[in-house]
Amino acid sequence: MDTPPPVLPVLVCLRLLLAVLPLPGQHLLKHDNQLSSPLTSYLRLNEGLWLLDNGIDPYMGGAFHHSPLLLSLFSTIVPPLPLIWAVSDAVGAWALLRIWRARQGLSPHKGTRSNAENLIVSVYLLNPYLLLPSLALSTSTFENTLALLALMFASEGKPSPALLAIAFTVHLAPSFILLLLPILMLLVASPASRLASSRPFHGSLKRIPFFFGKFILYWLVLVGAACTMTGGSWSWVMGSWGASLTLPDLTPNPGLWWYFFTEMFDHFRPFFLMVFSVHLVIYILPICIKFQHDPLYAAFLLVGVLGTFKAYLTLADPGLFLSMISLFPEVHGYLRHPIITTLLHLHAALLLPLQHVLWVSEGRGNANFYYAASLVMGMAGGAGLVDACWAGMRIAIGDAKAEAEEKVEGEKGKVVQWEVVQE
């Protein structure tokens, strides 16, 4: 049985209270484009459920973009109650805690460093980038929880649950395919920190194709289940997965895509959609090769890529990246500009709602105002990502430099001692 840190039950109870108690202005959160996108909106989910109850194909009108699995879950098993999102947050915090224990070589069921574990749990459950989208009932909460579960099972060496979790995650949000390779590497390697002693990948490469085939099998089963739930129709593929590739809804969000394609001429649109989509994929191999000695850190960096360049970005995407940095205390001392990154996030968090109100509510601005705030958010995400890459590489160089300096100082000491003897 798990031994949770003291703060976990307290924060989980507080989160459950937030789900149960009526909060003033909570209905405004559901309409906030920073907290939910057309692909994760609770209002769109409710619309799809209403269409399904009335015998209408939810994917016919082009307004519903959720997975058929979520549609089936909330229409037949449980209603979309706020408690479901609170439980998902609790599971995500528990998964992050288990990842920390696996990385530190501790028992997954018994922790010993309560202060560090309290910090891990608090950084997740009290992160406003994660808490506010959850209160807005954005389905990005489920995506983050499933991604953490996949990393947790992979860190603990449990292939089947890890591959099933990442298959579910990719089914809900195809952009999380970026995490597949580091998870496969993590299944055949150790989650322990090796950033300070980088070396070639030491896992068994022969097992990776088998695990990849297993992932494809799980994914195909989920695709078959989704087709069964939609009565054999394939319209959900373009309505759900295709939305993140073709960008049919240009609702403003904190991401970098929407304004660019608003100003795009139609005959250039397919080319730049391809460029923007491939841009996400090109980070996988360089990061996994450079950090092959620490696949968990590679997965963390790819989460940062998603939190900066995702098509339909919400605050929950950079929020997961910022919470995961607590898993790597060894790199904190090597970050070059953490204060600047923090100020950029604070600046963006204040500017985004302000510029949105000036543009939409007050009518005193235009789309350029809001996109300027989105660019600040992009700068914040990029600064954090570049700084984390630098720190992950610098920690090994720093240790090597320290050893070299100690060696030189030792040799100088020997020379001085020899000269003293000669005198």
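Along the sequence shown, residues are numbered consecutively beginning with 1. Keep in mind that the numbers below use all heavy atoms, side chains included, and drop hydrogens, waters and symmetry copies.
- Side chain of His27 to backbone of Pro24: no donor-acceptor contact under 3.5 angstrom is found.
- Residues Met377 and Leu315 meet the side-chain proximity criterion, which asks for heavy atoms closer than 4.5 Å.
- Residues Phe210 and Pro159 form no side-chain contact, since every pair of their non-hydrogen atoms from C-beta on lies 4.5 Å or further apart.
- Rounding to the nearest 0.5 Å gives a distance of 12.5 Å between CD1 of Ile177 and CG of Leu280.
- Side-chain contact of Asp57 with Ser235: a donor-acceptor pair under 3.5 Å is present, judged by distance alone.
- Side-chain contact between Leu301 and Cys389: present, with at least one pair of heavy atoms (C-beta onward) separated by less than 4.5 Å.
- Side chains of Leu320 and Leu148 form a contact here, defined as non-hydrogen atoms less than 4.5 Å apart.
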Quiz item: side chain to side chain contact (heavy atoms under 4.5 Å, CB included) between Ile287 and Val305: does it pass, once the steps are laid out?
Solution: CA-CA 10 Å; Ile287 288 179; Val305 171; 4.2 Å; yes
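- Taking the side chain as every heavy atom from C-beta outward, Phe142 and Ile84 approach each other to under 4.5 Å.
- The distance from the CD atom of Glu263 to the CZ atom of Phe268 is 14.0 Å, given to the nearest 0.5 Å.
- In this structure, Met379 places its CE atom where only 12 or fewer heavy-atom neighbours from other residues, nucleotides or ligands lie under 6.0 Å away.
- A donor-acceptor contact shorter than 3.5 Å links the side chain of Asn127 to the backbone of Tyr129.
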Practice problem: Test side chain to side chain contact (heavy atoms under 4.5 Å, CB included) on Glu330 and Arg103 and set out the steps. | Solution: CA-CA 12 Å; Glu330 65 271 22; Arg103 186 167 177 84; 2.8 Å; yes
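- Residues Glu143 and Thr40 share a closest heavy-atom pair of OE2-CG2, 3.8 Å.
- Annotation: side chain of Trp241 is in contact with side chain of His171 (closest heavy-atom distance under 4.5 Å).
- Judged by distance alone, the side chain of Thr230 and the main-chain N or O of Cys227 form a donor-acceptor pair under 3.5 Å.
- Minimum heavy-atom separation, Ala102 to Pro191: O-CG, 3.6 Å.
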Exercise. Let me see the working for Asp89 and Val12 under side chain to side chain contact (heavy atoms under 4.5 Å, CB included), right down to the final yes or no.
Key: CA-CA 8 Å; Asp89 281 340; Val12 169; over 6 Å; no
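- For the residue pair Asn253/Ser37, the side-chain donor-acceptor check at 3.5 Å is not satisfied.
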Exercise. Take Thr246 and Met238 through the side chain to side chain contact (heavy atoms under 4.5 Å, CB included) test and state the conclusion after the steps.
Key: CA-CA 9 Å; Thr246 59; Met238 283 303 298; 4.2 Å; yes
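- Residues Asp249 and Tyr312 have side chains in contact (heavy-atom distance under 4.5 Å, counting atoms from C-beta outward).
- Other residues, nucleotides and ligands contribute only 12 or fewer heavy atoms inside 6.0 Å of the NZ atom of Lys290.
- With rounding to the nearest 0.5 Å, the separation of CG in Leu184 from CG in Leu163 is 6.5 Å.
- No donor-acceptor pair under 3.5 Å is formed between the side chain of His293 and the backbone N or O of Pro200.
- Taking the six-membered ring for Trp and the full ring otherwise, Phe215 and Tyr218 have centroids separated by 6.0 Å or more.
- Checking Tyr259 against Asn368 by side-chain atom types alone, a donor-acceptor pair falls below 3.5 Å.
- Leu186 approaches Leu151 most closely through the heavy-atom pair CD2-O, 4.1 Å.
- Shortest non-hydrogen contact noted between Leu179 and Ala299 is CD2-O, 3.6 Å.
- The distance from atom CG of Asp32 to atom CG of Leu132, rounded to the nearest 0.5 Å, is 8.5 Å.
- Judged by distance alone, the side chain of His66 and the main-chain N or O of Leu172 form no donor-acceptor pair under 3.5 Å.
- In terms of modelled atom types and a separation under 3.5 Å, the side chain of Arg44 and the main chain of Ala63 share a donor-acceptor contact.
- For the atom pair CG (Leu351) and CG (Leu375), the distance works out to 11.0 Å, reported to the nearest 0.5 Å.
- Between Trp257 and Phe309, the gap from one ring centroid to the other reaches at least 6.0 Å.
- Between the side chain of Thr76 and the main chain of Ser72, a donor-acceptor pair closer than 3.5 Å is present.
- Taking the six-membered ring for Trp, Trp219 and Phe176 have ring centres at least 6.0 Å apart.
- Here the side chain of Ser326 pairs a donor or acceptor atom with the backbone of Ser323 at under 3.5 angstrom.
- Across all non-hydrogen atoms, the minimal contact from Asp294 to Ser193 is OD2-CA, 3.7 Å.
- Between Thr141 and Ser88, the side chains place no donor N or O within less than 3.5 Å of an acceptor N or O (distance only, hydrogens not considered).
- Between Tyr283 and His279, the gap from one ring centroid to the other is short of 6.0 Å.
- Between the side chain of Ser122 and the backbone N or O of Asn118 there is at least one donor-acceptor pair closer than 3.5 Å.
- With Phe328 as reference, Phe300 is the one residue of Phe321, Trp100, Phe300, Phe291 to meet the ring-ring contact (aromatic ring centres under 6.0 Å, His included) rule.
- Note: Trp234 and Trp236 have parallel aromatic rings, judged against thresholds of 30 and 60 degrees for the angle between ring planes.
- Formation of a donor-acceptor pair under 3.5 Å by the Asn144 side chain with backbone atoms of Ala316 is found in this model.
- Counting non-hydrogen atoms of neighbouring residues, nucleotides and ligands closer than 6.0 angstrom, the CD1 atom of Ile77 exceeds 12 such neighbours.
- Between Trp258 and Tyr371, the two ring planes are perpendicular [angle over 60°; tilted spans 30° to 60°].
- Residues Met185 and Gln292 share a closest heavy-atom pair of CE-CA, 3.8 Å.
- Rounding to the nearest 0.5 Å places CG of Leu49 at 8.0 Å from CZ of Phe74.
- For Lys30 and Ser36, the side-chain atoms include no donor-acceptor pair closer than 3.5 Å.
- Counting only heavy atoms from C-beta outward, the side chains of His337 and Thr341 approach each other to under 4.5 Å.
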